Amino acid sequence: MSVNMAVNLGGLTMKNPVTVASGTFAAGREYGDFVDVAKLGAVTTKGVSLNGWEGNASPRIAETPSGMLNSIGLQNPGVEHLKKCDLPWLAERGATVIVNVSGHSFDEYVQVIEALEGAAVDAYEVNVSCPNVDAGGMTIGCQTESVEEVVSRCRAATKRPLIVKLTPNVTDITEIARAAEASGADALSLINTVLGMAVDARTRKPQLARVVGGLSGPAVKPIALRMVWECHRAVQVPLLGMGGISCGEDAIEFMLAGATAVAVGTANFVNPTATLEVIAGMEYYCEQQGVESITELIGALQC
Amino acid sequence: MSVNMAVNLGGLTMKNPVTVASGTFAAGREYGDFVDVAKLGAVTTKGVSLNGWEGNASPRIAETPSGMLNSIGLQNPGVEHLKKCDLPWLAERGATVIVNVSGHSFDEYVQVIEALEGAAVDAYEVNVSCPNVDAGGMTIGCQTESVEEVVSRCRAATKRPLIVKLTPNVTDITEIARAAEASGADALSLINTVLGMAVDARTRKPQLARVVGGLSGPAVKPIALRMVWECHRAVQVPLLGMGGISCGEDAIEFMLAGATAVAVGTANFVNPTATLEVIAGMEYYCEQQGVESITELIGALQC
Amino acid sequence: MALVNERARVLENECVGPNLHVATLSSPAIAAGIEPGQFVHMKIPGMDDHVLRRPFSVYARDAEAGVLEILYQVVGFGSARMTELAAGAEGVELIGPVGRAWQPPAEAKRALLVGGGVGAAPLFMLCEALVKNGVRTDVVLGAQTETALACRGRYEALLAEPPRCATDDGSFGREGFCISLVQEAIEEAARAGEPYGYVAVCGPEPLMKIVAGMADGADIFCELSMERRMACGIGACLSCVVDTIEGKKRACVDGPVFKAQEVVWA
Amino acid sequence: MALVNERARVLENECVGPNLHVATLSSPAIAAGIEPGQFVHMKIPGMDDHVLRRPFSVYARDAEAGVLEILYQVVGFGSARMTELAAGAEGVELIGPVGRAWQPPAEAKRALLVGGGVGAAPLFMLCEALVKNGVRTDVVLGAQTETALACRGRYEALLAEPPRCATDDGSFGREGFCISLVQEAIEEAARAGEPYGYVAVCGPEPLMKIVAGMADGADIFCELSMERRMACGIGACLSCVVDTIEGKKRACVDGPVFKAQEVVWA
Ligand SMILES: Cc1cc2nc3c(=O)[nH]c(=O)nc-3n(C[C@H](O)[C@H](O)[C@H](O)COP(=O)(O)OP(=O)(O)OC[C@H]3O[C@@H](n4cnc5c(N)ncnc54)[C@H](O)[C@@H]3O)c2cc1C
Ligand SMILES: Cc1cc2nc3c(=O)[nH]c(=O)nc-3n(C[C@H](O)[C@H](O)[C@H](O)COP(=O)(O)OP(=O)(O)OC[C@H]3O[C@@H](n4cnc5c(N)ncnc54)[C@H](O)[C@@H]3O)c2cc1C
Ligand SMILES: Cc1cc2nc3c(=O)[nH]c(=O)nc-3n(C[C@H](O)[C@H](O)[C@H](O)COP(=O)(O)O)c2cc1C
Ligand SMILES: Cc1cc2nc3c(=O)[nH]c(=O)nc-3n(C[C@H](O)[C@H](O)[C@H](O)COP(=O)(O)O)c2cc1C
Ligand code: FES
Ligand code: FES
């Protein structure tokens, strides 16, 4: 039996539901010896800002039980570099491309999107987990008002599928999800990393130069699944689920909880072919369970 | 060198900084073959309500990467049972006792405390992570207003040390911490469990009958440390830190981040003598590092 | 006896059927004290990202040699990991003996034990005790296929009459579920004027429910062993509750063996 | 060469000093292609709650036999776990060969290699290459104590002149840090009219910084190998950046070997 793996994520057609989590795969080139980007449902690029950012000081990562913290700080060389170096490389290889967009002000988000409108991009993923001047230095994604503002402005700037990536560091994710949907998001992506910290008892120092960082990996999977499930019941737009996915079964769990597509992040680090194994594992599951189209699984949790 | 391990948690004198996390140790009796309760800084009892609660359906737990979910639902036989059976047992053995208090209404919290005022209790830990009628069925601990209300009412009901236990499922824990402090809390306890979910891909069912549950264990340690550190900088009252502590070094990390005392929860399940090993490990650390009084470590993180 | 947390050494770990293994462990303190139906709560080494122990009933013990046997089925990560423990492996820790043992009524002269799948294991020590006390004991075993009837040999060696068996695929004994064998045994015993005074059943819940119903119908005192996911395994955390007519009870310490009449089925 | 993720078998795993071990791994593809200074990103089996690989330089390789050696120090969970891998163990995976190799200038006629602690290992293949190319090569090694000078024997066997050594406790060679030996070597070479055209240093950052300063003072081209915590190990995640005069560069692919003059010290 051949399984139909295609999904439609708010207007973005994906040959299978698997993309990479922004920031864990650069724009695919570094993984070129391991993964043919055309085999993925999409490639989601590292967060890009208008003129590029330096990011935070080292150490930038720490390992934690079944997870890791990062405080890369959205280091990136700016949108022109992406257009010149990465997008053509991806286009040549026939990849479906989601560009993850960052900004320190609402204007910057819009400017990044505008700069990309002529380029080979299939969808935008707007990362509202950036601290932002217009949000008073706070993370945009924590307040409905700033989410509404940034999403409507991005919406006005493009007709392409607009995915809004939510932060889990909120009291009620459905409130933020509804705000993003109402402001024009075609899909929601969740979860970004969970704010955490690690301490070195011996040196009495934080393990990250930045003190706090974002937790990712298997440790956060239960939190991510819960939020996908909550949002699935709260909004109509499709969901791109992520957080600790390392194998096909993990990905299936996210789809059952309500995700239309999934992203593999931290798992790439320990296993450079994790994405391909997730796709194969999902197909195998479908064959075993007699699922003809993977879309049958979306939100099919029985409870 | 002998290390002075005593700490004062908002008026509660503890011979060492280690207690158990409520709900993981019952009232100590079940662990009686493994742990002499008098050796602990304190015993924190399972959450108690006025007339007892049935709790949720089974399955109530699921294992997750480096953690577990529980949806016990605060099952307990009520405050009279605690007074009759557990408190005398603890008193006989010379334990320092913190009673964890639950309620489905603000009144119920106060009634539980009133019922215990004559009993052998050294401090109360008010669990604001209960869904509550007065909070519109929402979790009290997610809104400053309901936290202020329940804490001030409990404060009026007792002169004993009042510890308020915060939920991590909020956008800004410092806001809640300040509300609790302003309403009369002598100390704050954090974190309670993080809301999560687990799915069985094969059966397509949630692993918990209740669907969602609380995540605990090493997986949440980075989140807990971050919140302890945030609260340490936001409030004056001492903190009781918990979340994934399994060894002395973990406990030291919490103290460096700002905790005055710590609780061992999920770790008891895999290692029934975890509490004693945490105490020994902390003493060993102090000896190695020339720390004469464990209080030197509180908030001593260098960053 | 008081609970201990005993470091156990693996003496042997053999495959005895499809996904079925018997681990032989050196664990003198628990071997000395454990009663039929009680279990051990096992810390399996090399499971760093798994925070819980795994409960296993004891299949057999040699109190003098200080040895326990556990018959286990591979169903998930922990049981799969167990199969990798070679003879000599260290790092297993057992909390035990835990729980309420089988409590056959002293006056019962004849007993019927019903084991479905690996449920046959927790009944074996009970069977030995009954035989030793001169109770005439019959056994019904059910499994998917002949090779999965892993305990059959031992029961045969112990009993006057071999256990009645059923397999789903008919490869040994009756084809289908073992329930019809139970009904027949109860009826035959009654007809022969030697009715059962005790039925003990361990296996999947649907099987236990049906057998409990049959015992009830025939007015026979029945006990069964309930499985629940367990965190502490010693009564503290309330993870493992079973609905009973007296409210929720803990499978780990109020059970795992319950009187059938107590249990409120889902 | 292209990167591979190679399943490696452990052939040997020996303790060679205090907390120092040498793992010999069968990893033919990487052994064939790796250059001095490059590293492998190792997945250590049995670390289920640890989500990251560990980077290790290659100490020696036998391209024909398809074998790599890694000299490693036990400093934490992963390196401790590595010591448990017995000969024959499977499950190690290596991404490699990763990173920028040492690039001694072709015109350099004499080279000085400085290894602090386990930093001696990533210099050994470089030393072999230099010797093979007829470059007169001197080596300075520093360690806490004599037995920690684990690479000394190999360097001795390779070189005309034995490496100059310093130990913190004076148990072998000069007592104290190896920095004075470096300064002396540079001065002597200059006096003898055969100055160094290349200095390569690997070790703790403070050591590298001082040696880089000395090389700079003497106008000698200097390279060094930087350590950073790494997630992907192949240039994608930006975990491992080093501050350079051209901005932040990735230790894994833009390094680990950097020109000393590029590095902006903290
Ligand atoms: C009192 C008691 C006695 C038991 N005796 C035996 C025995 O003699 N032989 C045997 O093969 N099995 C027995 N079981 C079942 C055994 O505990 C499970 O098969 C085992 O825990 C599965 O672990 P896993 O890591 O392989 O599975 P996973 O599914 O990976 O385990 C995930 C979690 O679910 C729990 N879990 C999974 N299945 C069960 C189950 N059936 N019952 C309770 N918890 C479960 C695990 O303990 C763990 O916490 C017994 C269970 C109980 C409660
Ligand atoms: C390019 C490169 C080459 C290296 N070559 C060698 C070598 O040949 N021999 C050797 O003994 N060591 C070498 N190291 C250091 C080695 O990677 C660390 O000692 C090892 O990762 C420690 O892992 P752990 O689990 O024992 O320690 P833990 O402290 O438990 O590790 C926790 C985390 O920190 C990281 N980490 C800890 N120490 C270091 C470190 N010094 N550098 C980078 N990451 C670290 C680990 O990779 C892991 O992600 C090298 C490092 C780099 C970057
Ligand atoms: C090293 C690293 C860098 C990341 N960079 C970004 C980023 O640039 N933009 C973004 O939206 N999310 C970023 N994330 C978050 C991931 O895309 C993802 O939401 C998160 O890691 C959870 O998925 P995982 O557990 O599979 O890694 C980053 C995560 C990591 C670990
Ligand atoms: C089985 C279980 C039951 C719990 N019951 C309670 C409770 O009754 N009251 C409460 O305030 N917290 C309760 N908690 C939360 C713990 O006290 C603690 O805050 C949390 O588990 C984090 O610590 P840990 O990671 O060390 O377990 C419970 C946790 C678990 C795992
Ligand atoms: S497992 Fe904790 S009470 Fe039964
Ligand atoms: S470790 Fe990922 S870029 Fe270097």
Side-chain angles (χ1 to χ4, degrees), chain A residues 20-35 45-47 52-77 198 200 202 207-209 213 215-220 244 246 265-274, chain D residues 1-7 29-30 33 41-45 47-55 75-78 91 93-99 205 226-244 246-255 263-266:
Chain A
V20 292
S22 176
T24 65
F25 206 74
R29 194 197 298 257
E30 286 77 5
Y31 280 90
D33 290 334
F34 300 111
V35 177
T45 59
K46 168 77 185 159
W53 294 339
E54 265 261 284
N56 295 319
S58 288
R60 289 177 160 189
I61 56 167
E63 206 179 29
T64 65
S66 293
M68 64 175 282
L69 292 167
N70 88 78
S71 61
I72 309 297
L74 293 166
Q75 179 185 335
N76 79 89
D200 183 327
R202 205 180 46 78
Q207 289 203 36
L208 300 177
L215 183 65
S216 63
V220 306
S246 339
T266 301
N268 293 304
F269 301 152
V270 74
N271 176 9
T273 52
Chain D
M1 71 175 258
L3 291 174
V4 295
N5 181 27
E6 191 164 38
R7 286 168 192 273
I30 296 175
H41 205 32
M42 184 188 298
K43 180 174 162 188
I44 304 165
M47 285 182 61
D48 299 320
D49 57 344
H50 290 74
V51 301
L52 299 178
R53 292 184 178 229
R54 304 296 192 248
V75 299
F77 190 91
E93 285 178 30
L94 304 177
I95 292 178
V98 198
E205 273 194 37
M226 299 292 281
E227 283 187 10
R228 284 290 180 274
R229 291 189 206 142
M230 293 181 177
C232 71
I234 60 173
C237 71
L238 309 181
S239 294
C240 61
V241 292
V242 169
D243 285 309
T244 77
E246 292 162 24
K248 293 190 194 287
K249 290 196 174 179
R250 298 161 298 179
C252 60
V253 292
D254 303 322
V263 174
V264 176
W265 298 99

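Lettering of chains follows the sequences in order, A, B, ..., and the numbering in each one begins at 1. Atoms considered below: every heavy atom in the structure, side chains included; atoms not considered: hydrogens, waters and symmetry mates. The structure displayed is predicted, hence computed values, not measured ones.
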*Asks:* Checking side-chain contact (heavy atoms from CB on, under 4.5 Å) against A:Val270, which of D:Glu93, D:Lys43, D:His41 comes through?
*Replies:* D:Lys43

*Asks:* At a heavy-atom separation under 4.5 Å, does D:Arg228 approach chain A through its side chain, its backbone, both, or neither?
*Replies:* side chain

*Asks:* Of all the heavy-atom pairs spanning D:Leu3 and A:Glu30, show the shortest one and how long it is.
*Replies:* CD1-O, 4.5 Å

*Asks:* Looking at A:Gly32, A:Ser66, A:Ala26, which has the largest count of heavy-atom pairs under 4.5 Å with chain D?
*Replies:* A:Ser66

*Asks:* Between atom OG of A:Ser58 and atom CD of D:Glu227, what is the distance when rounded to the nearest 0.5 Å?
*Replies:* 13.0 Å

*Asks:* Could you check which of A:Gly67, A:Gly217, A:Pro65 has the highest count of heavy-atom pairs closer than 4.5 Å to chain D?
*Replies:* A:Gly67

*Asks:* Check whether A:Thr273 gets within reach of chain D through its side chain, its backbone, both or neither, counting any heavy atom under 4.5 Å.
*Replies:* neither

*Asks:* Please classify the contact between A:Ala267 and chain D as side chain, backbone, both or neither, with a heavy-atom cut-off of under 4.5 Å.
*Replies:* neither

*Asks:* When heavy-atom pairs shorter than 4.5 Å are enumerated against chain A, which of D:Ile95, D:Asp49, D:Val51 gives the highest number?
*Replies:* D:Val51

*Asks:* Working to the nearest 0.5 Å, report the span between CE of A:Met68 and CZ of D:Arg229.
*Replies:* 10.5 Å

*Asks:* Is D:Met230 close to chain A through its backbone or its side chain, or both, or neither, when contacts mean heavy atoms under 4.5 Å?
*Replies:* backbone

*Asks:* Quick one: do A:Glu63 and D:Arg53 make a salt bridge, cutoff under 4.0 Å?
*Replies:* no

*Asks:* Looking at A:Ala27, A:Pro59, A:Gly55, which one has more heavy-atom pairs under 4.5 Å with chain D than the rest?
*Replies:* A:Pro59

*Asks:* List the atom of A:Phe25, the atom of D:Ala236, and the distance in Å for their closest heavy-atom pair.
*Replies:* C-CB, 4.0 Å

*Asks:* Heavy-atom distance under 4.5 Å to chain D: side chain of A:Phe34, backbone, both or neither?
*Replies:* side chain

*Asks:* Between atom CG of D:Leu238 and atom CG of A:Asn70, what is the distance when rounded to the nearest 0.5 Å?
*Replies:* 10.0 Å

*Asks:* Taking every non-hydrogen pair under 4.5 Å, which of D:Ala231, D:Ala2, D:Gly233, D:Cys240 racks up the most with chain A?
*Replies:* D:Ala231

*Asks:* Name the member of D:Val242, D:Val4, D:Leu52 that forms the most heavy-atom pairs with chain A at distances under 4.5 Å.
*Replies:* D:Leu52

*Asks:* What's the separation between atom NZ in A:Lys46 and atom SG in D:Cys237, rounded to the nearest 0.5 Å?
*Replies:* 9.0 Å

*Asks:* D:Lys248 versus chain A, heavy atoms under 4.5 Å apart: side chain, backbone, both or neither?
*Replies:* both

*Asks:* Check whether D:Ser239 reaches the backbone of A:Ile61 with its side chain - one donor and one acceptor, N or O, closer than 3.5 Å.
*Replies:* no

*Asks:* Select one option (side chain, backbone, both, neither) describing which atoms of D:Val253 are under 4.5 Å from chain A's heavy atoms.
*Replies:* neither

